[in-house]
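Since the structure comes first, as structure tokens, the remarks are kept for the end.
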Amino acid sequence: MAVSAQPAPLAAYAADPARSRGRRHAEPSPEWRSEFQRDRDRIIHSSAFRRLEYKTQVFVNHEGDLFRTRLTHTLEVCQVARTIARALHLNEDLTEAITLAHDLGHTPFGHAGQEALNRCMEAYGGFEHNLQSLRVVDDLEQRYAEFDGLNLCWETREGILKHCSAANARKIGDLGRRFLERLQPSLEAQLANLADEIAYNSHDVDDGLRAGLIDVSALRELDLTGRLFAEVEATHPSLSHRRLIHETVRRMIGVQVGNVLRTSQAAIAAAAPDSIEAVRRQPAPLIRFGDEMAQQHRQLKRFLFQSLYRHHRVHRMAVKAKRTVGSLFEAFLDDPGLMPPRHSRRARTLEDTNGRSGRALAVADYIAGMTDRYAIAEHERLFDPRRLT
Ligand code: MG
């Protein structure tokens, strides 16, 4: 497929900033940028975005300088998604904004932190990181004079909220509708979702090999990686181990992107949606892998789950992370005065309107915003009596 290096005119099924459903607080249109470019810029200037640098993807931040962090993961997702967006004539600015914001709600310590916080919040409505990403951009970032949050466009917020429980979907009005009525999100949102999977499956193979937690011989047994390792070795028989891995991971991204492009292009041609509303009414996502690639992708995911995410070393770190998050939560819930004044004031305000659930929410928001190293330091300051503050 020939692809122009320049952004092409938008397809009829792409999100059009001129026809956006708008922002929660009306604002004049930007002078130099499209509405979605403005969203992207606001996300990059947010403090939640800067904190991604010190949040875990799989490996805790201090385990090594070369592992992916949430920030580098986010950039890889963005880059994969933009390539596909441009080739399919989707809105590249919206795709960029959604992908850059997609993990803003993640807790410190990756999935372990998220699980721990969810358990702590069980009696108070639970904790969902997708919903938290939306809360970050809707409320928690407080920087603008005229509104709380970043006041992003409806389409960007739609894309950020990838999953949502039915209970929470009922509480968030228009944006929750699609989870209750089984509508699809925009193609840009579907793409952000799939690019996330392509990026983490590929970089977790790379990071897992680097950490020595998985090995090439196991990857040779899998359909996708087995084929690619064999292909690289056949063309370059005397390649060093490091280059062999990089060349294979690079091809993993390439073949997955190519597969999504071809499959989605055919699916879009068959469904022929003439507007973003027609996309939303489709029975299934149009941005997808072909059946065979989907199967290979699931096989790789299962392998990573069993061999990497449940590896003894990852598990031990996860247990420590959960304990850290759990004890921070307990201490702050018991005595919100232990939190910095801005957060303890917020706990009091929310408690006045929502009782103990309000207090718990303020605590969860404070913890979810922490980076790995901040959570570790805060835990030391709270529990180690030798520390002064
Ligand atoms: Mg992600």
Side-chain angles (χ1 to χ4, degrees), residues 39-40 43-44 46 48-61 63 66-85 94-118 127-137 140 152 156-165 185-208 249 252-253 256-257 260 285 287-289 294 297-298 300-302 304-305 308-309 314 318 321 368-372:
D39 281 5
R40 174 206 55 203
I43 291 159
I44 287 184
S46 70
F49 185 76
R50 288 194 297 279
R51 288 197 295 259
L52 293 175
E53 184 174 3
Y54 298 105
K55 290 197 179 202
T56 291
Q57 182 62 28
V58 173
F59 297 91
V60 176
N61 192 262
E63 286 184 276
L66 286 176
F67 296 121
R68 269 68 176 186
T69 64
R70 284 260 163 227
L71 180 62
T72 60
H73 159 72
T74 293
L75 297 176
E76 290 185 29
V77 175
C78 182
Q79 157 253 338
V80 164
R82 285 180 62 187
T83 299
I84 301 175
L94 175 61
T95 306
E96 192 179 9
I98 295 171
T99 50
L100 290 177
H102 88 282
D103 272 351
L104 290 181
H106 262 282
T107 60
F109 311 122
H111 285 285
Q114 134 91 13
E115 266 176 45
L117 203 50
N118 190 25
F127 177 88
E128 296 174 25
H129 65 84
N130 278 127
L131 188 59
Q132 190 71 5
S133 296
L134 183 70
R135 295 186 63 244
V136 167
V137 301
L140 298 177
L152 302 181
T156 311
R157 299 169 60 234
E158 173 193 42
I160 291 172
L161 193 61
K162 184 161 71 171
H163 305 292
C164 186
S165 64
S186 69
L187 294 179
E188 289 81 358
Q190 296 177 27
L191 172 54
N193 196 0
L194 209 53
D196 188 18
E197 299 206 15
I198 293 175
Y200 71 66
N201 255 347
S202 311
H203 67 49
D204 286 354
V205 165
D206 192 35
D207 281 354
V249 171
M252 273 177 78
I253 301 173
Q256 291 179 89
V257 166
V260 169
I287 305 293
R288 56 183 188 236
F289 287 123
H297 187 84
R298 278 195 298 273
L300 179 61
K301 241 174 147 162
R302 273 198 304 276
L304 287 171
F305 187 77
L308 181 60
Y309 312 139
V314 175
M370 293 178 183
T371 61
D372 296 356

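This one's a predicted model, so the numbers in the text were calculated from it and none came from an experiment. Start at 1 and go down the list; that is how both ligands and their atoms are numbered.
Electrostatic pairing of Asp196 and Lys162 counts as a salt bridge here, judged by a charged N lying under 4.0 Å from a carboxylate O. Using a 4.0 Å cut-off between charged nitrogen and carboxylate oxygen, Asp206 and Arg68 count as a salt-bridge pair.
If you look at Asp103 and ask which of its N, O or S atoms sits nearest the Mg ion (ligand 1), the answer is OD2. Its N, O or S atom nearest to the Mg ion (ligand 1) is what matters here, and for Asp196 that atom is OD1. Per residue His102, closest N, O or S atom to the Mg ion (ligand 1): atom name NE2.
In summary, the aromatic rings of His73 and His102 are positioned with their centroids under 6.0 Å apart.
Residue contacts to the Mg ion (ligand 1): His73 brings an N, O or S atom closer than 2.8 Å.
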Open item on the list: I'd like to know whether His129 forms a side-chain contact (heavy atoms from CB on, under 4.5 Å) with Phe127, so could you lay out the CA-CA distance, the side-chain angles of the two residues, the decisive distance to 0.1 Å, and finally the verdict.
Closed with: CA-CA 7 Å; His129 65 84; Phe127 177 88; 4.2 Å; yes
